Amino acid sequence: IGEVTAPGFGEYSMNLNALFNPYGWHSPMLPDLPMGKNQYEGFNYLGAGTLLLLVFSLVSFFRQTHCREDMKYWWPVFLVSIILTLFAVSNVVMVGSHRLFTVPLPHFITEGLFGIIRASGRLFWPVYYLLVLFSFFIIKKSRPRVGWLLLLLALTIQLFDVHTAFALNRTRLAEMNHPPTYTLTSPFWEIAAKDYAHVAYIPDYILMIRFTDSNYGPLALFAARQGMTLNTGYFAREILGNNDHLRAESKAVAEGNLDPDTLYIISKDVEGYTKSFDKTVHYLSVIDGYTIIAPNFYKKHPEIQKDFSFE
C-alpha cells in the first residue's frame, strides 16, 4: 500500500502565463516565457489559433447580450471551473519567474490534504477544454455567417504555430518505437534466473537515480522476463514500510546474512557490503558491469571453480 499524499503542493502548479506560454513547444509566433522551477505540470498553452478564437469569443460575449443570456444556465460549470483554476494556481501564485504572493496554509493542509493533488497544475485541464468549447459556442452564436471562416483561420494559425512541436514529437516517438536494448550478455544471467527468485539492489537506489540511471533498465527487464521480483522501482508514492524493509535488507547483507533465493546487486560501497560473508560459498563478481553476490552459488554448482569468471 502506498502513501496517498506527497509534498509539493504549490510547487507543481500552474503559472498565470500558462495559457499563452509555449514553453518548450518552439512556437514561431509567441516566445517562451519564464515560469517556476516545477511548473511544467501546469503547462496549458492554448496555441495561437485557439487564443485568437478565445479573444473573439470574449469580445462577443461581453458586447452581445444574447450570448450572455444562454450562459446564465451554465453557472455550475463556471463555479467548478473557478474552483479547479484556484487549485491549479495553488496558494503560491506565480507570474513568470516572480512570486506574486503566497497564501499561508497550515502544514497539515499543504502536505496532508492537498498532498493528494500536489501536481495541481493538471487540474486546469478540464477548464482548458471548456475554454475551447466556450469559444466555439460563442462564435457560432454571435457570428453565424463568418464563424466557419474564423474557425478555418484559427485552425490554419494553430497548425502553423504547433507544427514544429508536432514534428519533434513524431521524431522522438519514432526513436522510442523499438525494443529496449538487452545488454546482459553473460551466460551467468541464464543460470541465475534458474537459481534465484528475487533481485535486490543493495543499497536501494534513491528515487531519481533509479529513474534515470541506464543500469537500472536492463536489470529490470531481465527480472521481468524471468518472472523474478525486484526490490526497487519508480513509484508515484512511497510504499508504506518499504524504507524500513530496504534498510533491514541492506543491514542483513552487510552482516553476511544472505537470502539463498535472492541475487544481490551491489550498487555502491562494495567493500562494506562484501566483507562479512564466506566467499568460498557465495559468488562475488562483476558481471556485465554489475557487482553481484550470488548466495550459495558454489554449493549449487560444485563443478564451477572458485576462481572462475563469467567475464
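What you see is a predicted model, and the numbers here were worked out from it, not measured in a lab.
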Evaluation steps, side chain to side chain contact (heavy atoms under 4.5 Å, CB included), between F9 and N91 = CA-CA 8 Å; F9 182 80; N91 65 315; 3.5 Å; yes
Can you name the side-chain contact (heavy atoms from CB on, under 4.5 Å) partners of L149, sequence neighbours left out?
->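 By the side-chain contact (heavy atoms from CB on, under 4.5 Å) rule, L149 matches no residue at all.
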Quick one: list whatever passes side-chain contact (heavy atoms from CB on, under 4.5 Å) with D278, sequence neighbours left out.
->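 With neighbours one apart ignored, the set is T280, V281.
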K300 atom NZ, over 12 foreign heavy atoms within 6.0 Å =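 Counting other residues, nucleotides and ligands, NZ of K300 exceeds 12 neighbours.
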Taking everything shown except F134 itself, do over 12 heavy atoms lie less than 6.0 Å from its CZ?
->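 Yes, CZ of F134 has more than 12 neighbouring heavy atoms, counting only those of other groups under 6.0 Å.
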Running the 4.5 Å side-chain criterion over Ile, Leu, Val, Met, Phe, Trp and Tyr, what cluster does [X] land in, apart from itself?
X: L133; answer: none
X: M94; answer: V92
X: L155; answer: L159

Can you give me the closest heavy-atom contact between [X] and [Y], atom names plus distance?
X: K279; Y: K275; value: NZ-CA, 4.1 Å
X: G96; Y: Q39; value: O-OE1, 4.4 Å
X: P22; Y: P31; value: CD-O, 3.2 Å
X: P260; Y: P295; value: CA-CB, 4.0 Å

Can you tell me how far the [atom1] atom of [X] sits from the [atom2] atom of [Y], to the nearest 0.5 Å?
X: L30; Y: L51; atom1: CG; atom2: CG; result: 6.5 Å
X: W74; Y: L79; atom1: CH2; atom2: CG; result: 14.5 Å
X: I265; Y: T291; atom1: CD1; atom2: OG1; result: 8.5 Å
X: D195; Y: N296; atom1: CG; atom2: CG; result: 10.0 Å
X: L230; Y: T232; atom1: CG; atom2: OG1; result: 6.5 Å
X: M14; Y: M35; atom1: CE; atom2: CE; result: 12.5 Å

Taking the side chain as every heavy atom from C-beta outward, state whether [X] and [Y] have any atom pair closer than 4.5 Å.
X: L258; Y: V253; result: yes
X: F61; Y: F137; result: no
X: Q158; Y: L53; result: no
X: I138; Y: F56; result: no
X: R99; Y: V93; result: no
X: Y290; Y: F188; result: no
X: M29; Y: I157; result: yes

Walk me through it: do W189 and L263 pass the test side chain to side chain contact (heavy atoms under 4.5 Å, CB included)?
-> CA-CA 10 Å; W189 301 106; L263 175 67; 3.9 Å; yes
What pairs with D32 under side-chain hydrogen bond (donor to acceptor under 3.5 Å, both in side chains), at least two apart in sequence or on another chain?
->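 Residues passing side-chain hydrogen bond (donor to acceptor under 3.5 Å, both in side chains) with D32: none at all.
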Any pair with a residue in residues 20-30 that passes side chain to side chain donor-acceptor pair (under 3.5 Å), sequence neighbours left out, goes on the list, sorted by first then second residue, please.
->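 Listed by first then second residue: N17-N21, S27-D161.
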Which pairs pass side chain to side chain donor-acceptor pair (under 3.5 Å) with one or both residues in residues 251-264, sequence neighbours excluded?
->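 Passing the test, one end in residues 251-264: D259-T262.
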Report whether [X] and [Y] are members of the same hydrophobic cluster (ILVMFWY, side-chain heavy atoms less than 4.5 Å apart, transitive linking).
X: I287; Y: M228; answer: yes
X: V59; Y: L153; answer: no
X: L52; Y: V55; answer: no
X: I139; Y: L152; answer: no
X: V77; Y: I82; answer: no

Got a donor-acceptor contact below 3.5 angstrom from the N38 side chain to the E11 backbone?
->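 Side chain of N38 to backbone of E11, a donor-acceptor pair under 3.5 Å: no, none is there.
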Which ring-ring contact (aromatic ring centres under 6.0 Å, His included) pairs, counting each pair once, include a residue from residues 91-110, with sequence neighbours left out?
->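 For residues 91-110, and leaving out neighbouring residues, there are no ring-ring contact (aromatic ring centres under 6.0 Å, His included) pairs at all.
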Residues in ring pair (Phe, Tyr, Trp, His ring centres under 6.0 Å) contact with F160, at least two apart in sequence or another chain =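 Applying ring pair (Phe, Tyr, Trp, His ring centres under 6.0 Å) to F160 gives H163.
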By ring pair (Phe, Tyr, Trp, His ring centres under 6.0 Å) - contacts of Y12 (at least two apart) =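 Here no residue qualifies.
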Of the options L151, L150, L54, L58, which is the one that meets S135 in a side chain to side chain contact (heavy atoms under 4.5 Å, CB included)?
->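 One option only clears the test, and that one is L54.
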Using a 3.5 Å cut-off and no angle test, enumerate the donor-acceptor pairs between side-chain atoms of residues 120-131 and protein atoms at least two apart in sequence or in another chain.
| residue | atom | partner | partner atom | Å |
| --- | --- | --- | --- | --- |
| S120 | OG | F87 | O | 2.9 |
| S120 | OG | A88 | O | 3.4 |
| R122 | NE | E41 | OE1 | 2.8 |
| R122 | NH2 | E41 | OE1 | 3.2 |
| R122 | NH2 | E41 | OE2 | 3.0 |
| Y128 | OH | Y45 | O | 2.9 |

